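Have a look at the structure below before the remarks.
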Amino acid sequence: MTANVDATHASQSTNVTHTPQDGASLTFFELSACFAKLDATRSRTEMMELLAELFVKTRPDEMDKVIYLLQGRVAPLYAPIEFGMGEQLTAEAVAQATGLTVEETRRRFSEVGDYGSLAEEQIAIEQGNLTVAHVFERLTEIALTEGEGSVAKKVSLLADLIRQVGKQEVRYLLRIPLGRLRLGVGDPTFMDALSFARTESKSHRPAIERAYSISADLATVARVYWHGGVDGLQEQIHVTVGTPVIPAASERVKTMEDLVLRLGRCAVEPKYDGIRCQVHFDGENVTMYSRHLEDLTGMFPDVVAAVKEQAAGHSYIADSEALAYDVETGAFLPFQMTTQRRRKHNVAEMAEKLPLRVVLFDLLYLDGVDLTQQPYGARRAKMLGFLQDGAVLQVTENIETDSVAAIDAFFADKVEHGLEGVMAKKLDSLYHAGRRSFDWIKMKRSYQGELSDTVDCVVLGYWYGKGARSKLGIGALLLGVYDKERDVFVTISRLGTGFSEEEWVRMREHLDDIKSDGRPARVEAEVEPDVWSLPTHVVEIQADEITRSPTHTCGRRHGDELGYALRFPRVIGFMREDKRPEDATSVLEAIRLYEVQIEKAKT
Ligand code: ATP
């Protein structure tokens with residue numbers, strides 16, 4: 001065995017203690033043993049070590065499959081590939097494979113609450129010998145099967161797999177197509193584990209993270225890294241039209257003076273409040289991704305046509321904001337109007353009713369050249385140069401200044417015109433894919449008496465209701481934010497108002513679906529809700545202020561007694577379908593909001 005596929009690259013890199021080998025194929029039994037251990041731990045460090053141990057045993061050509069399955073998928077998160085296997089079809093597959101009737105399976109499910117555990121009871125085999133690659137291929141086939149007869153085919157493919165695996169394997173196998181694997185491993189933990197598996201340190205994490213930020217596909221990054229190390233990533237992972245780049249994000253500062261102190265002479269653009277839209281055009285095909293890499297292409301046929309027309313002959317990737325506008329006056333409409341364009345049905349009708357304007361504020365790629373490593377000024381010059389005039393796409397206006405008064409005046413003008421505020425950008429800054437940095441600083445209009453910004457919180461559990469609420473079975477939510485540095489969720493508030501009765505019930509149903517026995521992995525809390533749920537759903541919260549709190553763990557470091565908490569929180573809308581838990585507000589952002597508020601109180 002052991003042809004060393006990576007000898008050249010390994011010898012060039014420092015600190016490499018492990019070089020991947022060609023060995024025996026990883027079995028699905030080995031992978032499911034890792035699933036079980038991950039399931040049993042709440043420690044992020046232990047998760048990282050368990051993953052690193054698994055990766056060391058994994059062949060380079062199997063690495064992407066292992067990562068996809070750990071994510072409960074067969075394709076990158078941004079690819080709209082789903083299994084299409086709900087509970088009914090799973091019950092049918094279990095019945096076919098075990099000899100139970102569908103009715104018996106459903107009945108037993110209502111007692112056990114998990115098809116994986118149910119099938120485990122019914123299976124005699126302790127250990128199967130299918131490889132990860134085989135299971136991955138069959139699951140992919142299930143996901144890609146469509147059209148006439150596809151339902152029966154999906155069921156029989158899954159039943160076939162069930163017949164060939166052992167107890168522990170079936171438990172996790174069935175959770176994958178149902179979307180219930182939920183091991184609670186975040187991207188940072190995967191990336192640390194990859195570096196650790198190869199170098200016994202986190203030294204390769206920055207290179208892995210860069211590759212991930214420009215390709216948005218951890219599995220492919222892992223495969224390339226496992227083959228060729230950091231050199232391999234640099235040679236093979238590039239900004240590519242059609243593949244989403246994880247968008248850059250901005251920071252906040254307390255005052256306009258601080259902004260100028262940080263950036264010096266800078267570019268200041270309006271901050272538009274619409275739908276972020278990353279536009280890709282390869283000369284023929286258009287693809288558009290949202291801030292969280294949802295595919296928007298089918299929703300915006302009017303923009304697709306304009307993207308082709310206004311930059312014919314070029315291939316490019318642009319970062320932009322799409323906004324509905326008033327056709328008579330040309331004024332941009334509020335976010336609530338634009339967001340009506342985010343739909344899968346009646347698309348053409350809505351395009352007619354609420355046409356979009358797309359304001360480009362950055363250019364990441366043009367005609368074969370990756371621009372993300374070029375300075376703002378150079379990117380902007382190219383952006384102004386390649387676009388033809390037209391009704392839909394336009395380049396954002398900006399001013400260049402180091403005067404607080406000039407920025408103040410620009411800001412006031414934009415707010416008066418209904419925009420959200422301004423975005424200031426460092427003149428020589430690169431495009432920081434996937435990172436929040438002080439090279440972009442946002443200033444938003446504030447609401448008197450309220451926090452200057454809303455907070456995106458992850459729901460961590462709920463309390464049963466008292467009094468009138470008791471009939472709903474839910475009275476309050478436990479909310480958290482994301483500690484990005486440590487890849488854990490910490491608590492920031494209890495929320496008891498803002499939903500209608502019907503919404504409370506819906507929320508309870510969602511949370512029961514992702515109920516956790518005890519505090520979930522990666523959650524740090526000192527309060528205990530009646531029911532814990534896995535960090536999955538994000539809600540947008542407006543609060544009066546942020547206060548220091550002895551109760552909540554947000555921002556509490558060792559030895560620091562006080563955390564941060566939201567005062568008078570209320571929910572905006574129902575749930576942010578477009579956000580993943582790791583996209584919630586971070587601890588550092590919450591602390592910055594607190595500081596901005598203290599500063600404002602002084603003026
Ligand atoms: P929010 O948009 O509510 O401030 P966020 O966390 O999404 O929160 P950032 O991650 O800092 O904000 O990203 C900036 C947001 O502002 C993006 O959604 C982007 O589309 C939008 N935006 C509007 N105008 C601009 C602009 N001129 N330059 C950059 N981003 C802009």
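Throughout, residue positions are numbered sequentially from 1 according to the sequence presented. Indexing begins at 1, ligand by ligand and atom by atom, following the structure's order. What you see is a predicted model; the values in this text were computed from it and never measured.
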Item to complete: Would you check whether S320 has a nitrogen or oxygen atom less than 3.5 angstrom from a nitrogen or oxygen atom of ligand 1?
Response: no
Discussion item. Need the ligand 1 atom indices (1-based, order shown) with element for anything under 4.0 Å from a heavy-atom of W440.
Written reply: 29 (C)
Worksheet item: Of the protein's non-hydrogen atoms, which lies at the shortest distance from atom 16 (O) of ligand 1, and what is that distance?
Response: K271 NZ, 3.1 Å
Worksheet entry | Atom indices of ligand 1 within 4.0 angstrom of S250 heavy atoms, with elements | 9 (P), 11 (O)
Worksheet item: For atom 21 (C) of ligand 1, which protein heavy atom lies nearest, and how many Å away is it?
Response: E321 OE1, 3.5 Å
Discussion item. Between F332 and Y325, is the ring centroid distance below 6.0 Å?
Written reply: no
Worksheet item: Can you check salt bridge (Lys or Arg N to Asp or Glu O under 4.0 Å) on E400 and R380, steps first, answer last?
Response: CA-CA 12 Å; E400 275 187 34; R380 183 167 168 89; over 6 Å; no
Worksheet item: Less than 3.5 Å between some nitrogen or oxygen of T396 and one of ligand 1, yes or no?
Response: no
Item to complete: Describe, in one word, how the ring planes of H510 and F574 are oriented to each other, choosing from parallel (under 30°), tilted (30 to 60°) and perpendicular (over 60°).
Response: tilted
Discussion item. Assess the residue pair D362 and Y431 against the criterion (side chain to side chain donor-acceptor pair (under 3.5 Å)); give the C-alpha distance rounded to whole Å, side-chain angles, the decisive distance to 0.1 Å, and a yes or no.
Written reply: CA-CA 8 Å; D362 220 314; Y431 186 88; over 6 Å; no
Worksheet item: At what distance is the nearest protein heavy atom to atom 18 (O) of ligand 1, and which residue and atom is it?
Response: R276 CD, 3.9 Å
Worksheet item: atom 24 (N) of ligand 1: which protein heavy atom is closest, and how many Å away?
Response: Y272 N, 3.0 Å
Discussion item. Heavy-atom contact check, 4.0 Å cutoff: does P270 meet ligand 1?
Written reply: yes
Worksheet item: What are the atoms of ligand 1, with element, lying closer than 4.0 Å to any heavy atom of K425?
Response: 26 (C), 28 (N), 29 (C)
Discussion item. Less than 4.0 angstrom from a charged side-chain N to a carboxylate O is my criterion; do D302 and R341 meet it?
Written reply: yes
Response to the item:
Min over E251, R291, H292, E540 of heavy-atom distance to atom 6 (O) of ligand 1 lands on R291
Worksheet entry | E420 with K444: basic N within carboxylate O range, under 4.0 Å | yes
Worksheet item: Is ligand 1 less than 4.0 angstrom away from at least one heavy atom of K444?
Response: yes
Worksheet item: Is the centre of the H280 ring less than 6.0 Å from the centre of the Y365 ring?
Response: no
Response to the item:
protein heavy-atom neighbour closest to atom 8 (O) of ligand 1 works out as K442 NZ, 3.3 Å
Worksheet item: Between E420 and ligand 1, is there a nitrogen or oxygen pair with a distance under 3.5 Å?
Response: no
Worksheet item: Can we say R435 and E209 salt-bridge, meaning some charged N sits less than 4.0 Å from an Asp/Glu carboxylate O?
Response: no
Discussion item. Please confirm whether the ring centroid of H204 lies under 6.0 Å from the ring centroid of Y225.
Written reply: yes
Practice prompt. Answer yes or no on whether R548 is positioned over the face of Y564, meaning its NZ or CZ is under 6.0 Å from the six-membered ring centre and within 45° of the axis.
Written response: yes
Discussion item. Please confirm whether R436 approaches ligand 1 to less than 4.0 Å, judged on its heavy atoms.
Written reply: yes
